[in-house]
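In what follows, a structure is listed as structure tokens, so that the remarks can point back to it.
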Amino acid sequence: MKESGVDGKILELFRSGDGVVSGAALSRILGVSRTAVWKHVKALRGNGYRIEAVPAKGYRLLSSPEVFTSLDISAGLATKRIGSSIVCLKETESTNHVAFKMAEEGAREGTVVIADAQSAGKGRLGRVWLSPAGVNLYCSVVLRPSIAPVAACQLTFLSVVAVARAIESCTTLKPLIKWPNDILIDGKKVAGLLNEMNAETEKVNFVVLGIGVNLNVRMSDLGEGLLRHPATSLLEAGGVEVNRAEFTRVLLRELDQLYDRFLAEGEGPVRAEWLERSAIRGRSVRVSQVNREFTGVVQGVDSFGALLVKLADGTVETVLSGDVALI
Ligand code: BTN
């Protein structure tokens with residue numbers, strides 16, 4: 001087992017147990033000496049993990065470092081592709097920017113970049129994504145699917161559905177999806193997705209899925225006045241603080257499972273789940289595009305992620321970009 005693998009396994013054992021894990025058990029399961037276990041515990045402490053030695057019993061994990069580490073995320077992740085490499089940064093301009101550069105330099109499929117804070121978080125349509133430290137999730141995932149550029153927007157279905165599933169699994173909240181890639185709770189935005197792509201005419205080289213989720217931020221700290229749309233966080237909506245590392249692990253597992261299905265069966269099943277979770281199917285909406293605005297009733301989305309809106313004269317408009325608001 002690699003050194004970091006031993007540290008990860010120790011964290012996994014702490015999490016799966018119900019408190020104290022004995023040195024003997026750690027040594028047996030990990031296949032290393034008691035002295036080696038002690039050295040690994042010491043190294044974890046040096047990295048910000050508070051581990052208590054309980055006399056005659058073993059070790060107990062009291063807390064993890066405030067800024068989570070790649071080990072926090074990878075320990076027990078058990079995914080096929082997503083998280084093949086995990087980079088955790090204290091602060092960066094934008095995780096999408098870092099992941100894009102890494103992908104250009106050959107980063108593997110499934111590489112994940114996470115930052116505790118972003119100084120220039122990017123939103124859709126050139127907007128800013130407010131990214132304060134220590135409270136939310138800002139992450140970007142590199143994918144290298146063998147698909148045509150026109151099909152790349154289908155990948156948005158994956159990240160949106162994965163975030164919705166992760167919210168349901170970590171809270172009692174009921175998220176709804178709003179086209180193209182917002183996640184709402186009680187009509188307020190809690191997460192946003194921004195995909196960026198590098199492609200040639202015929203094929204996609206890579207796609208970066210950018211995922212921002214408001215986990216524990218207080219809206220008063222985010223400066224609500226700066227937001228275009230009403231926003232919320234899982235803490236504000238549910239009243240309970242969310243464990244950021246745990247949420248991230250759940251999200252990456254969901255993404256891994258959905259991506260696997262996408263590669264095996266195409267976009268159909270993920271799109272079907274997207275539609276089931278959609279806040280706007282069958283609803284009247286106003287669509288605002290750069291030089292045009294119109295209203296209609298949402299029929300669904302096509303296989304390329306475009307919104308299908310039925311106008312008053314019966315024609316169906318295919319909307320590839322723009323803002324959609326419920327009427
Ligand atoms: C939106 O406008 O709704 C999309 C917001 C996307 C924000 C995420 S946070 C992680 C990744 N890095 C960025 O700079 N943006 C995305």
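Whatever order the structure lists them in is the order used to number ligands and atoms, beginning at 1.
- If you look at Gln118 next to ligand 1, the close heavy atoms, those under 4.0 Å, all belong to the side chain.
- In terms of protein heavy atoms, atom 2 (O) of ligand 1 is closest to Arg124 N, 2.7 Å.
- Selection from Leu193, Val98, Thr95, Ile183 by nearest heavy atom to atom 11 (C) of ligand 1 gives Thr95.
- Ligand 1 places these atoms under 4.0 Å from at least one heavy atom of Ser94: 12 (N), 13 (C), 14 (O).
- The heavy atom nearest to atom 15 (N) of ligand 1, considering only Glu196, Glu93, Lys122, is found in Lys122.
- The pair Lys178-Asp323 does not count as a salt bridge, with every side-chain nitrogen at least 4.0 angstrom from each carboxylate oxygen.
- Each of the following atoms of ligand 1 lies closer than 4.0 Å to a heavy atom of Gly121: 14 (O).
- Glu200 places no side-chain N or O within 3.5 Å of a backbone atom of Asn205 that could act as its donor or acceptor partner.
- Remark: ligand 1 atoms within the under-4.0 Å shell around heavy atoms of Gly123 are 1 (C), 2 (O), 4 (C), 5 (C).
- Contacts between Cys139 and ligand 1, counted as non-hydrogen atom pairs separated by less than 4.0 Å, involve the backbone only.
- Rounding to the nearest 0.5 Å gives a distance of 10.0 Å between OH of Tyr138 and CD of Glu91.
- Residue-level proximity to ligand 1 for Ile211 is carried by the backbone, the only part with a heavy atom below 4.0 angstrom.
- For atom 3 (O) of ligand 1, the nearest protein heavy atom (residue, atom name, distance) is Lys189 NZ, 2.5 Å.
- With contacts defined as side-chain heavy-atom distances shorter than 4.5 Å, the pair Gln118/Thr95 qualifies.
- Contact check on Asp256 versus Arg81 returns no salt bridge, with no Lys/Arg side-chain nitrogen under 4.0 Å from an Asp/Glu carboxylate oxygen.
- Counting only N and O atoms by type, the side chains of Gln299 and Arg281 include no donor and acceptor under 3.5 Å apart.
- The structure places OG of Ser70 at 11.5 Å from CG of Leu77, a figure rounded to the nearest 0.5 Å.
- Between Trp129 and ligand 1, no pair of N/O atoms sits closer than 3.5 Å.
- Regarding atom 8 (C) of ligand 1, its nearest protein heavy-atom neighbour is Gly212 N, 3.6 Å.
- Linking ILVMFWY residues whenever their side-chain heavy atoms come closer than 4.5 Å, directly or via other members, places Tyr59 and Leu30 in the same cluster.
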